[in-house]
Amino acid sequence: METIRACVLAAAVVAAPAWAERPADFLQRFESQARGEDASFRASAERGRSWFDRRHGGDWSCSSCHTGDPSTKGRHEVTGKAIAPMAPAVNPERLSSERQVRKWFRRNCKDVLGRACSAAEKADVVAWLIAAGAPTGARR
Amino acid sequence: MTITKPMVSLLLALTTSALASGGREDDGERSRSAPLDPFYVEECGACHVAYPPGLLSRESWRAVVGGLGRHFGVDASVEAQLGAQINAYLQAHASPRASDDREGRPWLRITDTRWFRHEHRPGEDGLYPGVFESEAVRSPANCEACHRGAAEGRYGEREIRIP
């Protein structure tokens with residue numbers, strides 16, 4: 001029953017128009033996708049934080065370019081170019097465009113993990129980015 | 001004969017301004033500061049500044065755009081249609097001169113071209129040895145570290161500050 005509900009939800013979310021985008025929409029989308037595999041999945045900002053900061057078999061972690069603190073500016077590890085903060089609380093452009101989010105998860109996950117990120121990994125990262133820079137207590 | 005810097009600059013100025021205006025006009029004022037199309041900046045200016053199309057040949061740009069899936073150690077892939085659009089823009093504004101290595105293969109890097117190496121010789125114009133590897137610059141491809149207007153395509157001498 002739960003699985004069916006999650007599937008229906010996931011289908012609805014996938015079909016959602018491309019312009020309705022707030023950070024919470026991405027959290028909900030990835031979380032419900034992840035529930036398609038594990039009905040008890042719940043995104044965790046804390047898990048997202050340590051995952052973001054960790055290497056996954058290659059030379060880089062996500063924080064190599066974004067730093068471990070999403071409320072501050074990052075710097076591209078190779079080119080040296082500044083990268084605006086990742087936390088939507090500090091930088092409202094973040095997690096506001098389906099196209100950007102899809103494009104950068106695709107590229108950066110390939111560079112850091114050598115594969116695509118799972119929905120669960122994306123849900124945790126998004127939870128962490130939303131929580132970072134927001135008043136404490138928002139974390140879970 | 002040695003090619004002097006003003007000559008190179010002038011040549012570049014002429015080619016970029018002529019090409020930026022599609023060859024229809026040459027107002028001579030645009031010089032190196034050819035304006036960049038916002039769509040190009042959006043697609044090619046996230047990891048580094050969007051490089052001036054006039055600094056590589058058509059063949060070089062074709063090779064760069066053809067290899068975006070594995071682009072200097074990172075994934076810079078784009079959807080096929082967008083790739084074609086970027087390529088068309090670069091082809092239209094590319095340098096008419098070849099940018100090849102000795103074997104005639106197109107350079108993928110502006111910073112490998114003879115023009116670039118000539119214009120950025122260590123020991124000249126304040127370019128102290130090791131400057132390109134310094135913490136503040138990190139790579140010669142980090143144009144913006146010294147050319148403060150590079151993000152908007154401006155490389156004039158007044159906007160150079162070497163960190």
Side-chain angles (χ1 to χ4, degrees), chain A residues 14 18-19 21 26 52 55-67 70 72-88 90-118 121-122 125 129, chain B residues 36 38-51 64-65 67-83 85-86 108-112 116 120 130-153 161-163:
Chain A
V14 168
W19 55 86
E21 273 124 28
F26 291 100
F52 200 81
R55 298 202 292 181
H56 303 267
D59 294 339
W60 290 335
S61 66
C62 306
S63 27
S64 300
C65 294
H66 294 297
T67 81
T72 60
K73 261 197 337 194
R75 190 180 187 203
H76 195 284
E77 180 70 12
V78 183
T79 66
K81 188 177 197 295
I83 300 177
M86 292 293 279
V90 179
N91 177 359
E93 288 188 17
R94 293 302 183 200
L95 306 179
S96 68
S97 151
E98 152 70 20
R99 187 168 166 264
Q100 294 294 333
V101 169
R102 187 161 22 93
K103 173 164 86 176
W104 290 103
F105 267 123
R106 184 188 74 225
R107 289 174 172 173
N108 293 341
C109 291
K110 185 112 153 297
D111 289 343
V112 172
L113 295 91
R115 60 164 172 84
C117 289
S118 68
E121 287 165 337
K122 290 189 274 194
V125 165
L129 297 180
Chain B
L36 299 168
F39 123 87
Y40 172 63
V41 175
E42 160 82 20
E43 296 305 327
C44 300
C47 300
H48 45 66
V49 295
Y51 298 118
V64 168
V65 177
L68 287 173
R70 293 184 63 194
H71 179 73
F72 304 98
V74 300
D75 180 346
S77 57
V78 295
E79 280 137 34
Q81 200 195 344
L82 192 54
Q85 205 182 331
I86 295 167
L108 301 181
R109 285 184 181 272
I110 294 161
T111 55
D112 277 340
F116 185 90
H120 299 86
V131 63
F132 290 124
E133 291 76 41
S134 66
E135 182 45 32
V137 178
R138 207 174 281 198
S139 164
N142 188 7
C143 319
E144 200 177 20
C146 304
H147 297 277
R148 302 307 162 113
E152 283 87 47
R161 267 214 335 269
I162 299 169

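Naming: A, B, ... by sequence-line order, numbering from 1 per chain.
Under the disulfide (SG to SG under 2.5 Å) criterion, A:Cys117 pairs with A:Cys109, sequence neighbours left out.
Using a 4.5 Å cut-off between heavy atoms, B:Ala145 makes no contact with chain A at all.
Heavy-atom pairs under 4.5 Å with chain A were tallied for B:Ala76, B:Ala151, B:Ala141, B:Gly69; the largest tally goes to B:Ala76.
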Between chain B and chain A, going by a 3.5 Å limit, which atoms form donor-acceptor pairs, if any?
from: B:Glu42; atom 1: OE2; to: A:Gln100; atom 2: NE2; distance (Å): 2.8
from: B:Glu43; atom 1: OE1; to: A:Lys103; atom 2: NZ; distance (Å): 3.3
from: B:Glu43; atom 1: OE2; to: A:Arg99; atom 2: NH2; distance (Å): 2.8
from: B:Cys47; atom 1: O; to: A:Thr79; atom 2: OG1; distance (Å): 2.5
from: B:Asp75; atom 1: N; to: A:Asp111; atom 2: OD1; distance (Å): 2.9
from: B:Asp75; atom 1: N; to: A:Asp111; atom 2: OD2; distance (Å): 3.3
from: B:Asp75; atom 1: OD2; to: A:Lys110; atom 2: NZ; distance (Å): 3.1
from: B:Ala76; atom 1: O; to: A:Arg107; atom 2: NH2; distance (Å): 3.2
from: B:Ser77; atom 1: O; to: A:Arg106; atom 2: NH2; distance (Å): 2.7
from: B:Ser77; atom 1: O; to: A:Arg107; atom 2: NE; distance (Å): 3.1
from: B:Ser77; atom 1: O; to: A:Arg107; atom 2: NH2; distance (Å): 2.9
from: B:Ser77; atom 1: OG; to: A:Arg106; atom 2: NE; distance (Å): 3.3
from: B:Ser77; atom 1: OG; to: A:Arg106; atom 2: NH2; distance (Å): 3.2
from: B:Glu135; atom 1: O; to: A:Arg75; atom 2: NH1; distance (Å): 3.2
from: B:Glu135; atom 1: O; to: A:Arg75; atom 2: NH2; distance (Å): 3.1
from: B:Glu135; atom 1: OE2; to: A:Arg75; atom 2: NH1; distance (Å): 3.0
from: B:Ala136; atom 1: O; to: A:Arg75; atom 2: NH2; distance (Å): 3.2
from: B:Arg138; atom 1: NH1; to: A:Glu77; atom 2: O; distance (Å): 3.1
from: B:Asn142; atom 1: ND2; to: A:Thr79; atom 2: O; distance (Å): 3.4

